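On a predicted model such as this, the values are computed, not experimentally measured, just so you know.
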Amino acid sequence: SDMSFEELLKMQSDVKMKVCKRVAAGKRTTKPAKAMVKQQQGKKGPLEMSAKRPVPFLRQVVPVRKKVQRDPRFDDLSGEYKPEIFMKTYSFLDSIKKQEKEMVQKQLKKCRDAEQKEKLQQLLNRMTQQEQAQKQQQKLRERELSLKRQQRELAKQGKKPFFLKKSEKRKLELAEKYAELKRSGKLESFLTKKRKRNAIKDKRRLPSQK
């Protein structure tokens, strides 16, 4: 009551200034607390999304490791494929295939059903073709091994080894095939079929006559 009006206004302004300073100091102290919470959460904490953008419907909450599949045929962990070692390791399969072929032949002789007989005949033909293809591959491998031995012998003697081109290898294969067909007496039938196939190909290449 003893204070004048000017003194009261001055005191009121001083009180307001103090309150504003306290509020500003309080806001400054709360910001580091939020930063501390973020640091404590780290990578294991929940993902904070901004409220300014809409939250996507599908989002990855927990990272999932993608399964990596490997094919043992083309993987280095399975080792290098060597036909000679493979054939020696699985040579017992040839005897099993031979027994299966004999069993199919016996079933074919006893079978009276036409449909079942046709299926057995197709199976027997497929097994025979696989056997012939395996024998042909074996011959090719033996030829390649003999050529490698010749190259090693030439290298030991100090001579320059020779390397056959693909075209030359193909010629050798055809020569051996013709010799085999001639020995078996199937050369003429093979040449006749080949002429027919070539004639059909030539006919297709000719322009159509309207």
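To the nearest 0.5 Å, atoms CD (Q130) and CD (Q132) are separated by 11.0 Å. Atoms CD and CZ, on E153 and R149 in that order, are 10.0 Å from each other to the nearest 0.5 Å. Atom NZ of K139 sits about 12.5 Å away from atom CD of Q137, to the nearest 0.5 Å.
No more than 12 heavy atoms of other residues, nucleotides or ligands shown are found within 6.0 angstrom of CZ on R204. Around atom CZ of R170, no more than 12 heavy atoms belonging to other residues, nucleotides or ligands sit under 6.0 Å away.
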Trace of the side-chain contact (heavy atoms from CB on, under 4.5 Å) decision for L147 with Q150 = CA-CA 5 Å; L147 288 172; Q150 291 177 11; 4.1 Å; yes
Determine all donor-acceptor pairs shorter than 3.5 Å in which one atom belongs to a side chain in residues 183-196; sequence neighbours excluded.
unit_1: R183; atom_1: NH2; unit_2: E180; atom_2: OE1; d: 2.5
unit_1: S184; atom_1: OG; unit_2: E180; atom_2: O; d: 3.1
unit_1: S184; atom_1: OG; unit_2: L181; atom_2: O; d: 3.1
unit_1: S189; atom_1: OG; unit_2: K186; atom_2: O; d: 3.0
unit_1: T192; atom_1: OG1; unit_2: E188; atom_2: O; d: 2.8

Could you give the side-chain donor-acceptor pairs of residues 92-107 under 3.5 Å, partners two or more places apart or in another chain?
unit_1: D94; atom_1: OD1; unit_2: Q134; atom_2: NE2; d: 3.1
unit_1: S95; atom_1: OG; unit_2: F92; atom_2: O; d: 2.7
unit_1: K101; atom_1: NZ; unit_2: E131; atom_2: OE1; d: 2.9

Quick one: side chains of residues 114-128, donor-acceptor pairs under 3.5 Å with protein atoms, not counting sequence neighbours, listed by atom name and distance.
unit_1: Q121; atom_1: NE2; unit_2: N125; atom_2: OD1; d: 3.2
unit_1: N125; atom_1: ND2; unit_2: Q121; atom_2: O; d: 3.2
unit_1: T128; atom_1: OG1; unit_2: L124; atom_2: O; d: 2.8

